[in-house]
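All values below come from the heavy atoms of this structure, side chains included, with hydrogens, waters and symmetry mates left out. All residue numbers refer to positions in the sequence shown, counting from 1.
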Amino acid sequence: MDLKAIPIWVCANQPCTQLDFRYLGSRRCGSGGFLKLDGENLRKWGCCGALLDQRATKPVEDEKPVDSPAENNQTQIAQFSGFHRDLNSLPKPLSATNLSSSPSDGSKVRVAYQGVPGAYSEVAALKVYPWCETVPCDQFEAAFKAVELWLVDKAVLPIENSVGGSIHRNYDLLLRHRLHIVGEVQMVVNHCLLGLRGVRKEELKRVLSHPQALDQCEMTLHKLGVVMVNADDTAGAAQIVAANGLRDTGAVASARAAKIYGLDILAEGIQDDSDNVTRFLILAREPIIPGTDKPHKTSIVFTLEEGPGVLFKALAVFALRDINLSKIESRPQRKSPLRVVDDSNKGSARYFDYLFYIDFEASMAEPRAQYALGHLQEFARFLRVLGCYPMDTTL
């Protein structure tokens, strides 16, 4: 089967235009050619990797940037003042409404993450970029915007956890922002119980942390008989304990947070599930040139036409080409979540209208991946490639 021409959105600080897939290939698609994603073509066209069906040249409603709401409505700890000199020297988190860049001499890669110094996202950033300059952001939205505004080079943000599941907020933001997934990093989460110097864990009356971290350590904390109190994030909880000298209060956070805020590690590995792994995505303004020398993943998002078995047909395009799907996530469309369908018994019925996020194990440099996406276009009303990147197979 010949691969039909696939239009690709490209941009280089100019209004987006469509390029025909065949003109970037080493051969014409009509003779079985495939896209040649080499450095020359990407530099020439500034390809942003947004691959769309011709019937969906306008962005879906979910792509329109909107002001982000608060990340959660959990009980929050009041902000404290009186940080000592060392804590005052820490970088202040960027916010989505007040983004400012600190001076940089250009010698380091600048990487944004959500949280304050010592957050697990910062630990993940340092795992993949050991000598980077980490830049804290108060919300996920601020990290996306920091990359878009050239304040940082990359962002490292969590996308799923083996215990807590998917971080849906970041799936939504992937669609609203024109950034590209250029890598992933997997990290084992090692929750530590932290306290002031000289305090024993038996002296603690309450423990602060992010609600998810508290849930993941519930059995251990229950045995201690402490009251669990929600905070905005794990490292922020450690900061509160240190800044206010709370001897009867502990925090669940990373070992790095203990080092930064001068706290003792009272217990390590206190999570109830020992196999607690978080997967992070690395985001950048420009896509990387995919290769075939190592295992790659490609992440896409699409919506489907109505009809019986259409989702089965969409997934079959990968099975037919022996492409493994490593992740499937569905999200109702934010602006128009419901669609009307015919019901012969009672008139009209309303079903959710979904966006489907898929990770599949193949490089966009492989013909089979290109043919699969060409085939998927027959069923998709909207299709966008979020990124093609090397898989992280280490923990």
Side-chain angles (χ1 to χ4, degrees), residues 3-12 16 18-29 32-53 109 111 128-129 147 153-157 159 174-175 177-186 279-302 317-329 356-377 380 383-394:
L3 176 64
K4 66 180 181 180
I6 300 177
I8 298 178
W9 285 92
V10 299
C11 60
C16 286
Q18 282 187 332
L19 293 179
D20 199 313
F21 207 118
R22 75 190 78 182
Y23 300 123
L24 294 181
S26 56
R27 294 175 292 171
R28 293 181 62 86
C29 290
F34 57 89
L35 176 63
K36 184 179 180 182
L37 291 173
D38 57 19
E40 181 179 353
N41 278 326
L42 288 179
R43 284 191 297 272
K44 179 179 179 181
W45 300 109
C47 179
C48 65
L51 189 151
L52 302 173
D53 187 288
V109 174
V111 182
V128 66
Y129 301 110
V147 179
D153 302 291
K154 293 177 173 63
V156 173
L157 298 170
I159 196 66
L174 280 172
L175 187 63
H177 294 269
R178 289 286 181 173
L179 299 182
H180 307 275
I181 305 172
V182 296
E184 66 174 1
V185 56
Q186 299 184 94
R279 175 174 169 245
F280 298 82
L281 296 180
I282 306 170
L283 305 176
R285 289 178 297 274
E286 300 293 336
I288 61 172
I289 302 172
T292 57
D293 57 329
K294 60 178 67 176
H296 275 65
K297 280 184 184 176
T298 300
S299 297
I300 63 173
V301 58
F302 59 92
V317 307
F318 301 100
L320 289 171
R321 294 163 179 86
D322 199 29
I323 296 176
N324 184 49
L325 301 182
S326 59
K327 172 75 175 178
I328 303 175
E329 186 80 24
F356 296 96
Y357 293 82
I358 284 181
D359 293 345
F360 63 84
E361 296 178 0
S363 170
M364 282 297 294
E366 299 179 60
R368 61 175 183 154
Q370 298 167 28
Y371 281 114
L373 293 185
H375 194 176
L376 180 58
Q377 281 190 299
L383 172 62
R384 176 178 164 194
V385 175
L386 298 171
C388 179
Y389 48 93
M391 293 171 56
D392 182 13
T393 57
T394 62

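- Between Thr394 and Asp392, the side chains place a donor N or O and an acceptor N or O closer than 3.5 Å (distance only, hydrogens not considered).
- Scanning both residues, Ser326 and Glu361, for their nearest heavy atoms gives CB-OE2, 3.6 Å.
- With contacts defined as side-chain heavy-atom distances shorter than 4.5 Å, the pair Val128/Val111 does not qualify.
- Shortest non-hydrogen contact noted between Pro390 and Lys294 is CB-CD, 3.7 Å.
- Between Leu373 and Phe360 the shortest side-chain heavy-atom distance falls below 4.5 Å.
- The shortest side-chain heavy-atom distance between His375 and Leu320 falls under the 4.5 Å cut-off.
- Atoms CG and NZ, on Asn324 and Lys297 in that order, are 9.5 Å from each other to the nearest 0.5 Å.
- Tyr389 has its side chain out of reach of Ile282: every pair of non-hydrogen atoms, C-beta onward, lies at least 4.5 Å apart.
- Taking the side chain as every heavy atom from C-beta outward, Asp359 and Arg279 approach each other to under 4.5 Å.
- Shortest non-hydrogen contact noted between Cys388 and Ser363 is SG-CA, 3.8 Å.
- In this structure, Ile181 and Leu174 have side chains that are in contact, with non-hydrogen atoms separated by less than 4.5 Å.
- Looking only at side-chain heavy atoms (C-beta outward), Ile358 and Ile328 come within less than 4.5 Å of each other.
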